2 protein chains.
Amino acid sequence: MKTIALIVMGCGGVGLQLIHHIVSCRSLHANKGVRLRVVGVCDSKSLLVASDVYTMELDDAMLLEVSRVKSNGSSLATLSSSGKHQVYSSPESTRKIIDVASLLGKSKGLTIVDCSASSEAIGVLKQVVDLGCCIVLANKRPLSSSLEDFDKIFGDPRRIRHESTVGAGLPVIASLNRILSSGDPVNRIIGSLSGTLGYVMSEVENGKLFSEVVRTAKNLGYTEPDPRDDLSGMDVARKALILARLLGFRINLDSIKIESFYPEDMGPSVMPVNDFLANGLPLLDKDIEDKIKRASSNGNALRYVCMIEDSRCEVGIRELPKESALGRLKGSDNVLEVYSRCYNQQPLVLQGAGAGNDTTAAGVLADILDMQDLFP
Amino acid sequence: MKTIALIVMGCGGVGLQLIHHIVSCRSLHANKGVRLRVVGVCDSKSLLVASDVYTMELDDAMLLEVSRVKSNGSSLATLSSSGKHQVYSSPESTRKIIDVASLLGKSKGLTIVDCSASSEAIGVLKQVVDLGCCIVLANKRPLSSSLEDFDKIFGDPRRIRHESTVGAGLPVIASLNRILSSGDPVNRIIGSLSGTLGYVMSEVENGKLFSEVVRTAKNLGYTEPDPRDDLSGMDVARKALILARLLGFRINLDSIKIESFYPEDMGPSVMPVNDFLANGLPLLDKDIEDKIKRASSNGNALRYVCMIEDSRCEVGIRELPKESALGRLKGSDNVLEVYSRCYNQQPLVLQGAGAGNDTTAAGVLADILDMQDLFP
C-alpha cells in the first residue's frame with residue numbers, strides 16, 4: 001500500500017470539498033493500493049497538524065470537525081490542541097509547515113496542496129520544493145506571479161500538478177502536457193475559460209441586455225461579490241498566463257493584452273460597487289449590443305476568450321465562427337481549442353463544466369493520485 | 001537523467017512513426033531529463049535487438065535503417081546481425097524478448113510497446129508483466145480479448161498505458177482515468193469513435209448516397225481494404241469494450257450488442273469484396289436514407305456510436321440531438337461525451353482527430369513518458 005502524506009492549505013469551498021472527497025473515497029483508493037494521509041490543514045490564519053507527522057494523521061472524525069467548523073464560518077484557531085493534534089497560529093503556522101516538510105519531504109514524501117486563492121502561500125511553496133515536497137495547486141496565484149516564482153515552484157515539472165488552475169477539473173493541463181511531451185508543437189490555443197463570462201455572452205447573444213444579465217448572474221451567485229472582478233478579465237488573464245508559460249512563453253501578467261468590459265473610470269477605485277451596478281453597467285449595454293449585431297451579421301458569435309498564438313497572448317472580446325466549438329458554446333461551460341501539428345485542420349476540443357467546488361476538488365484529487373509513483 | 005528502455009513491437013505505420021518521433025524528439029526529452037533507449041524492434045516475423053541490452057541500444061542510424069527497410073515493404077529478417085545487434089526469427093524472437101524482459105524488467109526497467117494490430121503479442125505481454133515490465137499499447141487486441149487476458153495484462157494499472165487504443169492520441173483514456181480516480185462515477189459514455197464511419201455518416205447527412213460515400217472513402221484510403229471491416233462495427237465494439245472495462249464492466253466482446261451496416265448474407269464469407277461494392281452496397285442505400293430522413297424530421301442527426309450506460313454496452317446507428325456535440329460532428333473527427341456526477345447537465349466533451357499514424361504514435365510516446373517515474 002502506497003501512502004501519500006498531505007497538507008491542505010486553504011479551507012474555502014474547494015479545500016473543504018477536497019477533504020470530503022478524500023474521506024469518502026478511502027475504500028476506492030485502498031482498492032487501488034493508495035492511502036491518503038492528511039497530516040495538516042490550514043486556513044489563512046492557523047494550522048491544524050498531527051502531533052507526530054510520522055505516525056499520526058488527522059483522522060476522519062477530525063477532518064469532519066474541520067469541515068463543520070469552517071462551514072460555520074469559524075477559524076481553525078477555535079479548535080484546541082490535544083494529544084493527537086496541535087493548532088498553530090500565524091506566523092508559527094508557516095514555520096511549522098516548513099518543519100513538517102523538512103521531516104517528511106525527502107523521507108516519506110509530502111504533498112502540499114494549495115486550495116487557497118491568495119498569494120500568501122507562494123513563500124511556503126518556494127521553500128518546500130527544496131525540501132523534496134510535491135505540490136498540487138488549485139490556486140492560480142503561484143503560477144501567475146513573477147517568472148522567478150514560477151521557475152522556482154515549477155523547478156521539477158514531475159513534482160507539480162495544477163489541473164484545477166485552468167478550467168476546474170477539465171483535463172486541460174493534463175492534455176496539453178501529453179501533447180507537448182509527445183513533441184507535437186502547440187501553435188494556437190483559444191478558449192473560453194470563465195464560466196461567468198461564458199454565461200454572460202451566451203445570454204446577451206439570446207437578446208438580453210448586458211446589464212441585466214450581469215445583475216442576474218450576480219444574484220445567482222455566478223459572479224464574484226463585485227462583478228468587476230470577473231468583468232476586468234484579470235481572472236481569465238491569469239489562466240492564459242499559466243497556459244502560455246506551459247507552452248514556454250517567458251512572459252508576465254503585464255505582458256498580456258487584457259480587454260476589460262468596463263472603462264477605467266468605472267473601476268473599483270473610482271466607483272462603489274452599487275453605483276457601478278445601478279449606473280455604470282447600463283452605459284455599457286449599447287456597445288455590447290452593437291458588437292453582437294456586427295458579429296452576427298458576419299456569421300459570427302461574440303465570445304470573451306484567451307488567445308495564445310505565435311508570440312501573442314491576449315484576453316478579450318472576439319468574433320468567432322458560429323460553427324466552431326467556441327461559437328456554439330452555450331451557458332457556463334468552458335471550452336478550449338488546441339491547434340498543433342496533429343490537430344491542424346480541426347482543433348483538439350475540450351469542453352465541460354469549468355467551475356464548481358466539486359469539479360475543482362476532483363481535479364485536485366486526480367492530480368494528487370497522479371503523482372503516486374513518486375511515493376514509497 | 002532518467003533512461004527508459006523500450007522494445008517496439010510492430011513496424012507498421014504507427015510503429016515506424018513512433019520510431020521517427022523518438023529520434024526527432026531526443027533533444028526535447030533530454031532537456032526534460034529523459035533518454036529513450038530502444039533496445040529492440042520487431043515485426044511479425046523477426047526481432048532486431050541490441051547485442052548487449054544493458055549497455056547498448058539500436059542507435060539512430062540503425063533506427064533509420066529499420067524505417068527504410070520497412071517502408072520498402074521488406075522484413076527485418078533482411079537485416080544481418082553485427083557486433084552491435086542481432087536478428088532473431090520466430091519463434092526464437094519471442095524467446096529473446098522474454099530474455100530481455102527478464103534481464104531488464106526488474107533491474108533497469110523495460111517498456112514493451114505494442115504497435116501491432118494482431119493478437120500474437122498477447123502471449124508475450126502476459127509473460128512480461130510478471131517480469132516487472134511496463135506496457136504501452138496502441139493495439140486494441142490485448143485489452144479486447146478474454147477477461148482472463150485483460151486481468152493479467154492490466155494487473156498493475158500503474159504499469160500500463162493504452163491511450164492510442166481509443167481515439168488515437170485524443171486524451172480519452174487519460175481523462176477517463178482522472179475522473180475515475182477522483183471518485184467521480186461515470187454513468188454514461190457516448191461517442192463516435194470511428195473516423196471512417198463518422199465521415200460516412202456526415203457525408204450521407206449532406207445528401208450523398210451511402211454506397212457512393214463508402215466507395216469514395218475506400219478510394220481515398222479512409223476505409224480498410226475491405227470496407228466491411230469498418231462497416232461491421234467490430235472495430236468500434238473493441239474500443240467500446242476497452243472503455244467499458246475501464247469503468248469496471250466484467251464483459252467480453254460477445255456481450256456487446258453490435259449493429260452492422262450490412263446483413264449477414266453480404267458478409268465476407270458469403271460475398272467477395274468486389275461483388276459487395278458493386279452489388280451489395282447499393283441495396284443498403286434506401287434503408288440508410290430512410291433513417292436519415294426520420295432522424296432529421298425528429299430534429300436529430302444519425303450517428304454510428306458506442307453507448308455505455310447502466311449495465312449496457314452497445315454499438316450501432318442512433319439518432320442524436322442535432323445540437324449535441326455528437327449531432328454537430330462533421331468529417332472524420334472522433335467525439336466522446338462523458339456524463340458523471342461532476343459532468344451531469346452538460347457532458348465532458350473530447351473532440352478531435354481520432355486516427356492517423358502521427359497522432360496515434362504521439363499518443364504512444366506521451367504514454368511512455370507518463371510512466372517515467374517508475375524508471376530509475
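These numbers were taken from a predicted model, which means no experiment stands behind them. By convention in this document, chain letters (A, B, ...) are assigned in the order of the sequence lines, proteins followed by strands, and residues within each chain are numbered from 1.
Inter-residue side-chain proximity for A:Val349 and B:Leu350 is flagged as unmet; no heavy-atom pair is nearer than 4.5 Å.
Heavy atoms of B:Leu170 lying under 4.5 Å from chain A belong to its backbone as well as its side chain. Contact of A:Leu28 with chain B is made through the side chain alone, with heavy-atom distances under 4.5 Å.
Per-residue counts of heavy-atom pairs under 4.5 Å with chain B were compared for A:Gly352, A:Pro171, A:Ala168, A:Cys342; the largest is that of A:Cys342. With respect to chain A, the highest number of heavy-atom pairs below 4.5 Å among B:Ala362, B:Cys25, B:Gly331 belongs to B:Ala362. Considering only heavy-atom pairs separated by less than 4.5 Å from chain B, the leading option among A:Ala353, A:Gly183, A:Gly363 is A:Ala353.
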Which atom pairs, one donor and one acceptor, sit under 3.5 Å between chain B and chain A?
residue, atom, partner, partner atom, Å
B:His29, NE2, A:Ser181, O, 2.9
B:Arg158, NE, A:Asp373, OD1, 3.2
B:Arg158, NE, A:Asp373, OD2, 3.4
B:Arg158, NH2, A:Asp370, O, 3.4
B:Arg158, NH2, A:Asp373, OD2, 3.0
B:Leu170, N, A:Tyr343, OH, 3.4
B:Arg178, NH1, A:Asp367, OD1, 3.0
B:Arg178, NH2, A:Gly363, O, 3.1
B:Arg178, NH2, A:Asp367, OD1, 2.9
B:Ser181, O, A:His29, NE2, 2.9
B:Arg341, NE, A:Asp358, OD2, 2.9
B:Arg341, NH2, A:Asp358, OD1, 2.8
B:Tyr343, OH, A:Leu170, N, 3.3
B:Val349, N, A:Gln351, O, 2.7
B:Val349, O, A:Gln351, N, 3.0
B:Gln351, N, A:Val349, O, 3.0
B:Gln351, O, A:Val349, N, 2.7
B:Asp358, OD1, A:Arg341, NH2, 2.8
B:Asp358, OD2, A:Arg341, NE, 2.8
B:Gly363, O, A:Arg178, NH2, 3.1
B:Asp367, OD1, A:Arg178, NH1, 3.0
B:Asp367, OD1, A:Arg178, NH2, 2.9
B:Asp370, O, A:Arg158, NH2, 3.4
B:Asp373, OD1, A:Arg158, NE, 3.2
B:Asp373, OD2, A:Arg158, NE, 3.4
B:Asp373, OD2, A:Arg158, NH2, 3.0

